[in-house]
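What follows is one structure encoded as structure tokens, with my remarks underneath.
Chain letters run A, B, ... following the sequence lines, proteins first and then strands; every chain starts at 1. For the numbers below, each heavy atom of this structure counts, side chains included, while hydrogens, waters and symmetry mates do not.
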2 protein chains.
Amino acid sequence: MHMHHTDELILDPICACTALRKASRAVTRLYDEALAGSFMSIVQFSVLRHIAREGQPELMRLAEKLVMDRTTLYRALKPLEQRGWVALSDAAGRAKHVALTPAGEAALRAATDAWRGAQARLLGSYGAAEWARMQAGLARLVALSGGLSA
Amino acid sequence: MHMHHTDELILDPICACTALRKASRAVTRLYDEALAGSFMSIVQFSVLRHIAREGQPELMRLAEKLVMDRTTLYRALKPLEQRGWVALSDAAGRAKHVALTPAGEAALRAATDAWRGAQARLLGSYGAAEWARMQAGLARLVALSGGLSA
DNA sequence: TGATAATTGATGCATATGCATCATACCGAC
DNA sequence: GTCGGTATGATGCATATGCATCAATTATCA
């Protein structure tokens with residue numbers, strides 16, 4: 001049997017992070033395709049949806065919920081603000097809040113149909129029960145990672 | 001009970017893509033921290049590891065294995081090439097191959113220790129058996145997404 | 001063989017991602 | 001009230017991500 005001279009490098013098991021990132025990329029592609037007609041990415045959809053869910057969250061609180069770096073969120077909000085989908089409070093010196101505008105609500109509502117289609121297709125194939133377990137596992141990974149890194 | 005006027009937007013279940021991306025970000029942070037001393041990110045580690053595993057893969061083949069867009073991989077390789085960790089064949093007109101250089105092998109070997117630590121910490125907390133199931137599910141999501149999107 | 005299709009690499013564009021850093025504002029201890 | 005620590009937002013930097021597009025090359029088939 002042929003052996004590479006780097007074989008000792010590949011005896012370790014699959015990288016958990018890499019496996020997650022691969023799945024994340026593959027599924028992101030699927031959802032982005034579904035949302036293309038709604039003129040937003042799944043990332044933007046996710047941000048809008050979290051804002052809708054939270055009401056008028058502080059930026060930091062929103063970043064935590066999204067498991068995003070602060071600065072990543074701040075800049076992700078800019079195109080949404082430019083399109084008039086979200087509005088930032090500029091309370092001087094205090095934590096800013098972000099809220100959906102009516103246009104943002106309309107955009108989110110319209111995109112939700114496309115999103116629901118992608119979600120149904122994927123989870124219909126994957127299996128709802130299996131997905132429930134996966135979802136719980138993913139949430140646990142987030143919690144664990146927070147504890148292990150911070 | 002207080003109701004937001006956007007309540008009808010948030011009745012849908014959790015977004016599978018968003019859940020994956022959150023976990024991906026959280027775990028990426030963990031692994032990037034662990035690899036910081038090795039002067040590479042988990043993405044770069046992942047690319048190097050796949051090259052080691054494949055030998056001298058064609059760029060396209062490598063991108064598929066990594067579930068990456070072609071162009072993302074091409075550009076991810078540039079800093080690795082500049083550091084002398086990988087070498088690209090420039091066979092005129094034909095598919096290029098990429099291979100680890102001795103320096104690349106050394107860097108990968110050195111980083112593998114740090115990686116193994118992060119992996120052990122995370123999976124030790126998460127549970128090896130549960131992780132095996134998660135890993136199988138992630139692979140299935142990749143396969144399903146490929147089928148559903150292409 | 002010659003036209004056409006598929007593959008591959010490269011680049012422009014836009015956004016995503018997170019770290020380090022800075023400035024400001026807030027808060028708690030004293 | 002002041003000082004020091006913390007929280008928050010902003011920005012520079014580097015890389016990640018993927019789409020659209022173009023050029024060149026290879027494969028296919030009539």
Side-chain angles (χ1 to χ4, degrees), chain A residues 17-18 20-37 39-47 57-64 66-83 85 88-98 145-146 149-150, chain B residues 17-18 20-37 39-47 57-64 66-83 88-98 145 149-150:
Chain A
C17 184
T18 304
L20 277 166
R21 292 179 65 88
K22 285 182 186 177
S24 176
R25 282 193 289 259
V27 172
T28 295
R29 202 166 316 168
L30 197 68
Y31 280 69
D32 274 341
E33 275 178 25
L35 287 173
F39 307 105
M40 70 177 72
S41 67
I42 183 60
V43 174
Q44 295 173 323
F45 177 82
S46 180
V47 170
E58 297 182 4
L59 295 190
M60 264 305 294
R61 193 88 40 204
L62 181 59
E64 281 168 18
L66 286 162
V67 194
M68 266 188 180
D69 188 86
R70 277 183 303 150
T71 67
T72 301
L73 174 63
Y74 296 161
R75 283 185 268 214
L77 287 174
K78 271 185 189 158
L80 300 179
E81 196 180 14
Q82 287 169 349
R83 292 184 215 176
W85 286 350
L88 297 180
S89 75
D90 54 346
R94 220 175 281 152
K96 287 191 177 181
H97 294 248
V98 59
S145 298
S149 83
Chain B
C17 185
T18 305
L20 277 165
R21 293 179 64 88
K22 285 182 187 178
S24 175
R25 283 192 289 259
V27 172
T28 294
R29 201 166 316 167
L30 197 67
Y31 280 69
D32 273 342
E33 275 177 25
L35 287 172
F39 307 104
M40 69 178 72
S41 66
I42 183 59
V43 174
Q44 296 173 322
F45 177 82
S46 180
V47 170
E58 296 182 3
L59 295 190
M60 264 305 294
R61 191 97 33 206
L62 181 59
E64 281 168 18
L66 285 162
V67 194
M68 267 188 180
D69 187 86
R70 277 182 304 150
T71 66
T72 301
L73 173 63
Y74 297 161
R75 282 184 270 214
L77 287 173
K78 271 184 190 158
L80 300 180
E81 197 181 12
Q82 287 171 350
R83 291 183 215 178
L88 297 180
S89 75
D90 52 348
R94 221 174 280 151
K96 287 190 177 180
H97 294 249
V98 60
S145 298
S149 83

Quick check for you: to the nearest 0.5 Å, what is the distance between Gln44(B) atom CD and Asp32(B) atom CG?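 With rounding to 0.5 Å, CD (Gln44(B)) is 9.0 Å from CG (Asp32(B)).
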
May I have the distance from [X] (atom [atom1]) to [N] (atom [atom2]), rounded to whole angstrom?
| X | N | atom1 | atom2 | answer |
| --- | --- | --- | --- | --- |
| Asp69(B) | dT21(D) | CG | C1' | 13 Å |
| Leu35(A) | dC19(D) | CG | P | 13 Å |
| His97(B) | dG9(C) | NE2 | C1' | 13 Å |
| Arg25(B) | dT15(D) | CZ | C1' | 16 Å |

Taking only N and O in the side chain of Arg21(A), is any of them less than 4.0 Å away from OP1 or OP2 of dA16(D)?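 False: Arg21(A) side-chain N/O out of range (4.0 Å or more) of dA16(D) OP1/OP2.
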
In terms of the nearest nucleotide of DNA chain D, which residue is placed more toward the 5' end: Ser41(B) or Thr71(A)?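 The answer here is Thr71(A).
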
Of all the choices, dC19(D), dG9(C), dT8(D), which nucleotide is nearest to the side chain of Ala95(A) once you look at every atom?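 Of the candidates, dT8(D) comes closest.
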
Closest to the Leu59(A) side chain, choosing from dG9(C), dA16(D), dG9(D):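 Of the candidates, dG9(D) comes closest.
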
Of the residues in residues 73-81 of chain A, which ones touch DNA chain C at a heavy-atom distance under 4.0 Å?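 Those residues are Arg75(A), Ala76(A).
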
Would you classify Arg61(A) as touching base, sugar-phosphate or nothing, given that sugar-phosphate means primed atoms plus P, OP1 and OP2, and contacts are heavy atoms under 4.0 Å?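 Nothing, no heavy atom under 4.0 Å.
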
Mind checking Arg70(B) for me? I need base, sugar-phosphate or nothing, with any heavy atom below 4.0 Å counting as a touch.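 The answer is base, as Arg70(B) lies within the cut-off (heavy atoms under 4.0 Å) of a base atom.
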
Taking all atoms of both residues into account, what is the closest heavy-atom pair of Arg29(A) and Asp69(B), and its distance?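 Arg29(A) and Asp69(B) have their closest heavy atoms at NH2-N, 4.4 Å.
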
Please name the pair of heavy atoms, one in Met68(B) and one in Val43(B), separated by the smallest distance, quoted to 0.1 Å.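 That closest heavy-atom pairing would be CE-CG1, 3.9 Å.
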
Results of side chain to side chain contact (heavy atoms under 4.5 Å, CB included) for Ala76(A) - residues two or more places apart only: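 None.
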
Among side-chain atoms of Thr28(A) and Arg21(B), is any donor-acceptor pair under 3.5 angstrom?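 Indeed, the side chains of Thr28(A) and Arg21(B) share at least one donor-acceptor pair under 3.5 Å.
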
